[in-house]
Amino acid sequence: MASVELTQVRKSFGSTEVVHGVDVSISDGEFVVLVGPSGCGKSTLLRMIAGLEEISAGEIRIGDRVVNNVPPKQRDIAMVFNYALYPHMKVIDNMAFSMKLAGRSKEEIRERVDKAAAILGLTDYLDRYPRQLSGGQRQRVAMGRAIVRDPQVFLFDEPLSNLDAKLRVQMRTEIKELHQRLKTTSVYVTHDQIEAMTMADKIVVMHGGKVEQIGTPLELYDDPANLFVAGFIGSPAMNFLTGKLVSDGAGRGVRIAEGCVLPAPANREADGTEVVIGVRPEHFEIDQSCVRAQVVVVEPTGADTQVYCRIAGQAVTAVSRERHTFRPGDTIDLKPTYGKCYLFNPASGARIA
């Protein structure tokens, strides 16, 4: 196992820079997820760690070694894709392939394959071909192929993207459990923030080739640095409403429209300042008097009810554990939970302290 350190890493394709001075520190044994929308640079960053892409500037360390100019096969890493297996090879041969190329003995190969198969529940499938396996089993084989190499670092490049929703939930649990057993440093790329929240020790949120924020899942959820992170982390997404700061006898608020004011967290901005106020769907209390909202759509999910509505023409979502029977066009009362609102600068997107 080893730490991974990225210092001012940049990547350009011709005159176009796609990764802009990224700094990320990954501790030995840590599970770090790079998350962001398509095209944000996360897969390019992973490929630079792997050595599959040359870096344009900066430094990458794996352990105590700078690997900028080290070939991929000498970096002691293993990459896991979305079960890209050799279809003409049996499971045992898929798992053993890299070790055969490395010239390992038959005895060592068999020992490592058997051990990995036992960890992953593949012992009974070693003589099957990939076409004879389910999607989840093929993904386990892909992970097994990486495990047998006993690398310093695992790199996962959207390994669950081809699986159905139920299987993705199962596999992300299995990958997390596997990491807890092996304790190998892992870097995992996904565009799915639910995967990031449920699997990561630490999340790196990327956007436009830059790092927007780094922290634990709950740090990013509870203390987002800017509008992008606040809107990207959380499902359903945080509600954003634009308005202006006002003060009255009850304290500070954000006037969304005449007669429609949401309570604002403490701040030093002047009255009349235009702001964006953010409220997570679960932090709107339904049927509690504060502002009036018009119901647009109600989605019961069983465990909770999602109510899509409008406040002074601006769309918001409220989530409640209660079962509501609202109908489109109904008027309801919403109240933000005290201390659970966020203020942002609408121009820069930065959080207002």
Side-chain angles (χ1 to χ4, degrees), residues 1-11 19-36 40-53 55 57-70 72 74-80 119 143 146-160 171-207 209-225 229 232-233:
M1 296 185 290
S3 60
V4 178
E5 193 83 25
L6 281 66
T7 306
Q8 282 298 294
V9 172
R10 297 178 180 273
K11 177 64 180 178
V19 175
H20 312 284
V22 167
D23 292 302
V24 177
S25 182
I26 302 170
S27 302
D28 187 2
E30 198 169 30
F31 195 109
V32 171
V33 176
L34 308 180
V35 67
C40 72
K42 57 189 184 297
S43 290
T44 300
L45 199 63
L46 192 78
R47 290 173 62 82
M48 287 192 286
I49 296 172
L52 301 176
E53 290 281 359
I55 71 172
E59 181 180 275
I60 298 177
R61 283 182 173 270
I62 297 179
D64 57 2
R65 184 172 60 146
V66 177
V67 297
N68 290 20
N69 299 311
V70 175
Q74 295 177 19
R75 295 194 181 195
D76 199 10
I77 55 93
M79 227 168 157
V80 182
I119 291 172
M143 288 190 289
I147 290 171
V148 296
R149 297 177 58 187
D150 192 23
Q152 290 193 85
V153 181
F154 284 131
L155 303 178
F156 294 87
D157 190 8
E158 304 215 38
L160 310 185
M171 287 305 302
R172 75 187 187 214
T173 302
E174 291 186 14
I175 291 173
K176 185 64 176 177
E177 183 182 11
L178 180 64
H179 175 259
Q180 290 168 351
R181 294 176 64 180
L182 300 178
K183 301 188 185 307
T184 304
T185 307
S186 299
V187 186
Y188 186 106
V189 162
T190 181
H191 63 274
D192 185 335
Q193 55 92 17
I194 296 295
E195 277 183 34
M197 289 289 290
T198 54
M199 299 176 71
D201 296 323
K202 183 165 67 182
I203 296 175
V204 179
V205 182
M206 296 189 66
H207 182 223
K210 298 179 181 178
V211 172
E212 295 285 348
Q213 190 173 354
I214 300 174
T216 67
L218 291 182
E219 282 172 350
L220 298 186
Y221 191 84
D222 293 333
D223 196 20
V229 176
F232 192 82
I233 299 296

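Because the structure is predicted, anything quoted here is derived from the model rather than measured.
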Under the 3.5 angstrom rule, does the side chain of [X] hit a backbone N or O of [Y] as a donor-acceptor pair?
X	Y	result
D76	P151	no
K42	G36	yes
R75	V67	yes
K202	S25	yes
S3	S27	no

Residue pair M143, I175: steps toward the side-chain contact (heavy atoms from CB on, under 4.5 Å) verdict: CA-CA 9 Å; M143 288 190 289; I175 291 173; 3.4 Å; yes

Side chain to side chain, [X] and [Y], heavy atoms closer than 4.5 Å:
X	Y	result
L178	I147	yes
I119	L182	yes
Q152	T185	no
H191	V35	no
E195	E158	no
F156	T190	no
V205	H207	no
M48	L45	yes

Pairwise distance CD1(I55) to CD1(I49) - rounded to 0.5 angstrom: 10.5 Å

Pair K176 + D201, salt bridge at N-O below 4.0 Å: yes

E5/R61 salt bridge by N-O under 4.0 Å criterion: no

Atom of I214, atom of V211 and distance for their closest heavy-atom approach: CG1-CG1, 3.6 Å

K210 NZ: over 12 foreign heavy atoms closer than 6.0 Å: no

Residue list, ring-ring contact (aromatic ring centres under 6.0 Å, His included) with F31, at least two apart or on another chain: H179, Y188

By ring-ring contact (aromatic ring centres under 6.0 Å, His included) - contacts of F232 (at least two apart): F228

Residue list, salt bridge (charged side-chain N to carboxylate O under 4.0 Å, His left out) with E177, at least two apart or on another chain: none

